[in-house]
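Have a look at the structure below, then the notes.
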Amino acid sequence: FERAAVLRKRFDIHIAGQNAPAPLESFEELISRYGCDSYLVGNLSKLGFQEPTPIQRQAMPILLSGRECFACAPTGSGKTLAFLFPLLMKIKPGSKGGVKAVILCPTRELAAQTVRECKKLVKGRKYYIKLMTKELSKSGNFKDMHCDILVSTPLRLDHAVKKRDLDLSSVEYLVLDESDKLFELGFVEVVDSVVEACSNPSIIRSLFSATLPDSIETLARTIMHDAIRVIVGRKNS
Ligand code: ADP
Ligand code: MG
């Protein structure tokens, strides 16, 4: 407990919520504390990631403990890995039983970049990672699609759900990345509709963003249950 407080102070991590797990001291703890397959941690070091960033230290254990979270940390502070890694650890790849994780991004560029990042992390293992392209959204046959992780912008995903019968009821992880932008861009209703389509009752939702205005926090709280809030540095800088 003391140790957790010391780490949070050192890395300028602020939390709100019940029973938050302690921050990581190192990536190796993902193996010792959370039973992570060592190949994933091996891939981190191959990518040159030596130490977790502050948001990774705190958000990873929260998600790995099965808790929902909304996380706010500056641009460039490694939020992508903070949500991708726990998701990769938890889902069973191989695409049987439908889509297991959905990552919503405000722009196509960010969605494409997230897919690239994800593929680098799982090098050496067979995960089906799909980007929701325009073509896929308009004419995809989702019944036969092999997909573990689906990355999309809100409108394309919503279209696929409503017009192409994409079933999201098997989704175990839902990430709203750059959620401040998702909501700013007027996607509130579309995001809501996607959140509703991800109807698995044991789903773990998380929000990541660089700023956390009160309005977004209020919205976030309507979506999530018993979530832990993590802020690195200051809330709105
Ligand atoms: P954010 O989403 O917070 O803006 P990104 O997830 O895009 O930031 O990460 C920014 C950069 O930092 C990327 O190039 C990423 O590969 C790199 N990065 C992420 N985590 C680490 C780490 N633990 N150590 C070193 N570099 C990292
Ligand atoms: Mg980001």
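A quick note: this is a predicted structure, and the numbers were derived from the prediction, not measured. The figures that follow rest on heavy atoms only: side chains count, while hydrogens, waters and symmetry mates do not. Quick note: residue numbers are just sequence positions, from 1. All ligand and atom numbering here is 1-based and tracks the order in the structure.
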**Message:** Checking contacts here: is it the side chain or the backbone of Ala73 that comes within 4.0 Å of ligand 1, counting heavy atoms only? Could be both or neither.
**Reply:** neither
**Asked** Heavy-atom contacts under 4.0 Å between Phe83 and ligand 1: side chain, backbone, both, or neither?
**Response** neither
Return the closest protein heavy atom for [atom] as residue, atom name and distance.
| atom | value |
| --- | --- |
| atom 27 (C) of ligand 1 | Phe49 CE2, 3.6 Å |
| atom 8 (O) of ligand 1 | Gly78 N, 3.2 Å |
| atom 1 (P) of ligand 1 | Gly76 N, 3.4 Å |
| atom 3 (O) of ligand 1 | Lys79 NZ, 2.9 Å |
| atom 13 (C) of ligand 1 | Glu117 OE2, 4.5 Å |
| atom 20 (N) of ligand 1 | Gln56 NE2, 2.8 Å |
| atom 23 (N) of ligand 1 | Glu51 O, 2.9 Å |
| atom 5 (P) of ligand 1 | Thr80 OG1, 3.6 Å |

**Message:** Between Lys100 and Glu172, does any NZ, NE, NH1 or NH2 come within less than 4.0 Å of an OD or OE carboxylate oxygen?
**Reply:** no
**Asked** Taking it one step at a time, do Leu155 and Phe187 satisfy side chain to side chain contact (heavy atoms under 4.5 Å, CB included)?
**Response** CA-CA 8 Å; Leu155 287 170; Phe187 290 145; 3.7 Å; yes
**Any Phe27 heavy atom less than 4.0 Å to ligand 1** = yes
About how many Å separate [atom2] of [Y] and [atom1] of [X], when rounded to the nearest 0.5 Å?
| X | Y | atom1 | atom2 | value |
| --- | --- | --- | --- | --- |
| Glu117 | Thr80 | CD | OG1 | 5.0 Å |
| Leu219 | Phe70 | CG | CZ | 11.0 Å |
| Leu40 | Arg125 | CG | CZ | 7.5 Å |

**Request:** Would you please test Leu166 and Leu157 for side chain to side chain contact (heavy atoms under 4.5 Å, CB included) and show each step?
**Result:** CA-CA 8 Å; Leu166 170 61; Leu157 189 61; 3.6 Å; yes
**Request:** Decide if atom CD of Glu25 counts as having more than 12 heavy atoms of other residues, nucleotides or ligands within a radius under 6.0 Å.
**Result:** yes
**Request:** Would you sort out whether Asp165 and Lys143 count as a side chain to side chain contact (heavy atoms under 4.5 Å, CB included), showing the intermediate values?
**Result:** CA-CA 8 Å; Asp165 285 332; Lys143 293 266 180 303; 3.9 Å; yes
Using a 4.0 Å cutoff against the non-hydrogen atoms of [X], which atoms of ligand 1 qualify?
| X | value |
| --- | --- |
| Ser77 | 1 (P), 3 (O), 8 (O) |
| Pro74 | 3 (O) |
| Thr75 | 4 (O) |

**Asked** Can you list every pair that meets ring-ring contact (aromatic ring centres under 6.0 Å, His included) and has a residue in residues 112-134, with sequence neighbours left out?
**Response** Tyr128-His146
